[in-house]
Structures are given as structure tokens and as C-alpha cells.
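Structure first, then comments.
The sequence lines fix the lettering, A, B, ..., with proteins before strands; numbering per chain opens at 1.
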Amino acid sequence: MRIVGPIIAVCALAGIAWLGTGPLSLYTLFGVIIPYCAFAAFVVGFIIRILNWGRSAVPFRIPTTAGQEKSLPWIKQNKLDNPSSKAGVVGRMALEVLFFRSLFRNASTEKTEDGIAIGSAKWLWLFALIFHWSMLIIVLRHFRLFLDPIPAWITALEGLDGMFQIGLPVIYLTDLGIVAGITFLFIRRVVVPRIRYISQTIDYFPLVLLFGIALAGIIMRYFTKVDMSAVKELTLGLVRFTPQATVTEPIFYIHIFLVCCLLVYFPWSKLMHAGGIFLSPTRNMANNSRAVRHVNPWNYEVKKHTYEEYENENWEKMQALGLPLDYEHVKEEEPPAEAEAGAAEGAPEAANTEDSEG
Amino acid sequence: MKKTGIIAFVVIFCALALLPFAANAISPKAPLELDYNTPAIKSLEEHKCIESTEFMRSSHMQLLDSWRNDVVRNGDIVYTATDGTKYEKSLDDSCLTCHSNPEEFCDKCHSYEGVNPYCWDCHDSFGLWRQNESNEALYQDFLASVEGGQE
């Protein structure tokens with residue numbers, strides 16, 4: 001049911017779109033109203049999630065230290081795996097976001113006759129990378145439908161994507177990439193017993209939904225065809241607030257409706273890792289705990305009684321006994337109290353300025 | 001710092017999400033208008049292409065692609081339309097005789113939708129090649145031989 005459920009759900013969603021635009025001809029509902037609502041839900045939901053995350057506490061410096069930390073000058077620091085500066089953190093995050101560096105280190109553990117073998121497992125990294133880059137390029141490519149005139153970089157991106165000029169309309173490499181990526185990610189969950197055991201409906205549903213979107217798009221582009229000028233009229237109308245749903249092909253509305261479902265679902269699902277990755281505390285912090293004092297921001301103020309104060313209070317007795325005195329005697333209590341307050345406030349400020357966020 | 005980071009994130013996200021709307025608010029709005037007013041089309045009794053408008057709109061590229069393969073690989077240059085009329089399988093000699101204004105017809109739609117067909121990778125140079133009289137004569141001989149061979 002964990003696998004079949006999402007498939008049924010996505011088929012049902014596609015069926016709703018087909019029913020609404022095939023027999024019922026509700027073009028304005030599926031072409032205009034639902035897309036606007038879905039986009040608004042996506043943007044608002046995304047912001048709510050980010051703000052919620054932003055409110056949560058980050059009391060500790062917990063970067064993963066996957067290399068030599070900054071130490072004595074003759075010991076070589078691993079600046080990307082154990083960054084001590086902001087630049088290092090930016091570099092680490094960029095490699096993480098763009099190339100999934102930590103996934104590249106993914107290892108698989110296998111039982112062998114002698115015991116346990118740990119090997120490198122790059123397939124997940126490779127197909128995850130193929131999927132995500134295809135997805136990014138496909139999303140960017142779609143901006144040809146929302147901009148007029150079309151910027152040269154989109155045309156160049158499309159040219160690059162279809163550079164082998166296979167078939168007509170030219171086959172996009174990213175179309176193949178996204179299908180291959182989703183298929184691998186799906187099969188991995190089904191075939192590997194341990195992954196299958198921990199896979200839930202919410203793991204399968206986004207994969208099936210994305211597959212449905214890609215499939216509807218591919219069918220529309222390569223097989224059943226739509227009136228592209230009507231499509232662009234609608235998409236341009238949407239971003240210009242003068243929408244006219246003149247497209248009549250149900251396959252187009254199936255594609256759009258599934259995308260709308262994705263947009264609504266996105267902020268409240270695991271797909272939010274798109275925004276969340278920038279907030280990963282184990283990646284976006286510099287490992288400078290030895291150079292900078294970080295104070296838990298909600299620590300209550302500890303009542304301190306410094307040696308200076310102690311000496312000051314007992315100055316006369318100590319002097320009478322001939323004990324060594326470190327500080328000048330102050331009659332009033334205020335100056336040492338001020339110095340103490342200053343020291344207590346100074347530390348968290350210094351710590352906060354070093355905190356980095358994506 | 002933490003707060004400013006989150007706010008910057010949200011602001012950048014909003015800016016990206018609203019970018020298409022903003023870009024369209026400032027860009028000029030030119031509706032797509034195709035020009036069918038060429039002398040050849042005007043002289044037609046019935047204003048119709050070789051197949052239905054819907055078919056031509058959605059599938060002309062595949063028609064042209066199959067034409068190219070038929071002509072170049074099989075020497076098959078006669079296209080029989082659904083209504084039985086025969087046409088030469090040729091972009092230059094069939095399509096462009098009526099649509100003699102590709103800048104106002106083909107290119108308008110293609111640039112509107114961001115399509116970059118590679119027709120002119122070959123056809124431009126072929127047109128130039130044919131401007132030479134002896135080459136044109138060669139081409140006509142070729143056409144005649146292919147047509148003669150078929151019938």
C-alpha cells in the first residue's frame with residue numbers, strides 16, 4: 001500500500017484534471033484559478049517553513065568535522081571539510097548544494113564471509129545529481145513560457161539541452177535525465193530491502209508525482225502535441241494578470257494540475273529540503289569553537305562573584321594579614337560591578353557575529 | 001546575524017518567485033500576429049494549407065522531418081495530402097512559395113515560443129548553392145530524373 005497508494009493518488013489527480021478539462025471543459029478553473037492558488041500556497045508555505053526554522057534554537061556549534069581542523073600553523077587544515085572561516089563555509093555549502101558532496105562519501109556496508117565490508121556507493125549520488133540538475137534545467141527552461149521576449153540564456157540552455165538534435169521535436173537530455181533519475185530513486189526504494197523497510201508513503205508519493213509530471217510533459221511534447229501559441233498565451237497571461245485559458249488539450253491541464261499539486265504539497269513535505277539544506281547546522285557553521293567563544297543565547301545570567309570583588313570586600317582583613325593583593329582597593333562597589341556586566345555582555349555578542357546562516 | 005540571514009533568505013526567495021511577474025510588468029507586450037498576406041496566398045481560392053490548420057500547427061515539424069528523410073534518403077518527393085492533392089516534398093518549393101515571408105510567419109511564432117529549428121543550417125547554404133545557374137540546372141535535372149524514375 002505504501003507503494004500502490006501514491007500511484008493510485010497520482011492517477012486520481014491526473015484523472016481529476018482529465019475529467020475537469022476533457023468532458024467538463026473547466027479551462028479557467030484548471031488553467032487560471034488553481035495555478036494562481038497553488039503558486040500563492042507555494043510561496044506562502046515556503047516562507048512560513050523558513051521563518052519557523054529561523055525561530056528554532058541553534059544553541060551549539062555543531063558542524064561536522066570531516067577533516068583536519070584549523071590548528072597550529074604547520075598543520076595543514078582541510079578548509080572545505082572543516083571550515084573555520086565564512087569563505088570556507090560558503091565553499092562547503094556550495095559544493096553541498098551544487099554537487100551533493102556529502103552524498104558522494106556515501107558508503108554501503110555489506111556482510112561478507114569474513115565480517116563486514118564497507119564500500120563506496122556512488123550510484124545514489126550519481127542519480128540524485130542527474131535528477132536534481134535535470135529538474136533545475138527543466139524548471140529554468142520553462143521560463144521561455146513566462147517571458148517575452150525570451151532571454152538569450154534560456155535559448156542557449158535549450159540549445160545545450162537538445163544539442164544532439166535527436167528526433168523532432170528535439171529530445172531534451174534533461175527529459176531523459178529526470179526519468180532516469182526518478183526511476184533509479186524509485187527502484188532503489190523498492191529493491192534494497194533496508195531502504196524498502198524504512199520507506200513510507202511520503203517517500204514514494206513525491207517520486208510518483210514528479211514522474212507523473214515528467215510523463216505528462218513528455219507525452220505532450222513528443223507525442224500528442226498541444227497548440228503551443230495558445231499555451232504561451234495562457235502562461236504569459238498568468239504572469240501578466242490577463243490570463244486567457246484557450247488551450248483545449250486535457251494532457252496540458254493534467255501536466256499543469258500535477259504541477260499545482262506539487263507546488264501545494266512542496267512546502268509541507270520532505271521536498272522542503274530544497275530550502276532546508278541552507279539551514280543545516282552541521283554544514284553552515286564554521287568550526288571555530290576554539291577561536292571564538294560561543295554562548296548559548298538563552299543561558300540565564302550566572303551570578304558570579306569574582307576574585308576581584310572578593311578581594312575588594314575583604315581588603316582590610318587581607319591587608320592586615322599581609323596577604324598579597326592583586327587589585328587596587330575601591331571603596332564603592334560600582335566599578336567592579338560595571339566591569340563584570342561588560343564582560344558578561346561582550347561574550348555573546350562576539351559569538352553571535354560569527355554565527356553564519358544560509 | 002542569524003535573524004538577518006533568515007530575512008535575507010526569505011527576501012531572495014520572494015524576489016526569485018516574483019521575478020517573472022516583474023519582468024513582464026516592464027517588458028513590452030506584443031501580441032503574436034502572423035502575416036498570411038503574401039501574393040501566393042492571396043491568389044488562392046480557398047485559404048488553406050496542405051493539411052488542416054490544427055495539424056499544421058501542432059505537427060508541421062514532424063511532417064517536414066519525414067519529408068527530409070523521404071527526399072534525402074529515399075528520393076521520394078511526392079506528398080499526397082489527406083484530400084488527395086499532390087505536393088512536392090520541399091520546404092523551399094512548396095511551403096515557402098506560399099509563405100514567402102518566413103520572417104513574418106515562421107520566425108514570428110518560433111521566436112515567440114522559443115523554438116530554434118535548424119532548418120536553415122542546410123537550407124540557407126542550399127539556396128546559395130542554387131543561385132549558381134549551373135548548380136540550379138543540375139538540381140532541375142536531378143528533380144526530373146527522380147520524378148521520371150517514380151512514374
Check against side-chain contact (heavy atoms from CB on, under 4.5 Å), Phe146(A) and Leu19(B): CA-CA 10 Å; Phe146(A) 297 100; Leu19(B) 200 61; over 6 Å; no

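- Atom CH2 of Trp18(A) sits in a sparse spot, with 12 or fewer heavy atoms from other residues, nucleotides or ligands closer than 6.0 Å.
- Most heavy-atom pairs under 4.5 Å with chain A, from the set Ala22(B), Pro117(B), Gly114(B): that is Gly114(B).
- Between Phe21(B) and Phe39(A), the distance separating the two ring centers is shorter than 6.0 angstrom.
- Few gaps surround CZ on Phe241(A); more than 12 heavy atoms of other groups in view lie less than 6.0 Å from it.
- In this structure, Met228(A) and Ser58(B) have side chains that are not in contact, with every pair of non-hydrogen atoms separated by 4.5 Å or more.
- The number of heavy-atom neighbours closer than 6.0 Å to CZ of Phe60(A), taken from other residues, nucleotides and ligands shown, is 12 or below.
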Pair Ile47(A)-Cys14(B), side-chain contact (heavy atoms from CB on, under 4.5 Å): steps then yes or no: CA-CA 8 Å; Ile47(A) 292 172; Cys14(B) 288; 3.3 Å; yes

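- Crowding of Gln244(A) atom CD: a count of heavy atoms from other residues, nucleotides or ligands under 6.0 Å not exceeding 12.
- Glu54(B) places none of its side-chain heavy atoms less than 4.5 Å from the side chain of Lys225(A).
- For Arg221(A), the CZ atom counts as densely surrounded, since its 6.0 Å shell holds more than 12 non-hydrogen atoms of other residues, nucleotides or ligands.
- The minimum heavy-atom distance linking Ser229(A) with Leu32(B) is given by the pair CB-CD2, 3.8 Å.
- Contacts of Leu238(A) with chain B are made by backbone atoms alone, with heavy-atom separations under 4.5 Å and no side-chain atom involved.
- Between chain B and the residues Asp148(A), Thr224(A), Thr155(A), Val170(A), the most heavy-atom pairs under 4.5 angstrom are made by Asp148(A).
- Between the NE2 atom of His110(B) and the CD1 atom of Ile150(A) there is a distance of 11.5 Å, given to the nearest 0.5 Å.
- Taking the side chain as every heavy atom from C-beta outward, Lys232(A) and Cys109(B) never approach each other to under 4.5 Å.
- In this structure, Phe13(B) and Phe46(A) have parallel ring planes: the angle between them is below the 30° cut-off, well short of the 60° mark.
- The residue among Gly275(A), Gly167(A), Pro149(A) with the most heavy atom pairs within less than 4.5 Å of chain B is Gly275(A).
- Residue Ser111(B) touches chain A through its backbone alone, counting heavy-atom pairs closer than 4.5 Å.
- Between Gly54(A) and Ile6(B), the shortest heavy-atom contact is CA-CD1, 3.4 Å.
- Residue contact with chain A, scored on non-hydrogen atoms closer than 4.5 Å, involves the backbone and the side chain of Asp65(B) alike.
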Val115(B) and Arg144(A): CA distance, side-chain angles, deciding distance, side-chain contact (heavy atoms from CB on, under 4.5 Å) verdict: CA-CA 9 Å; Val115(B) 182; Arg144(A) 81 182 167 113; 4.0 Å; yes

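- Both the backbone and the side chain of Ala17(B) have a heavy atom closer than 4.5 Å to some heavy atom of chain A.
- Taken to the nearest 0.5 Å, the CD1 atom of Ile7(B) stands 13.0 Å off from the CD1 atom of Ile50(A).
- With values rounded to the nearest 0.5 angstrom, Gln62(B) atom CD is found 11.0 Å from Tyr222(A) atom OH.
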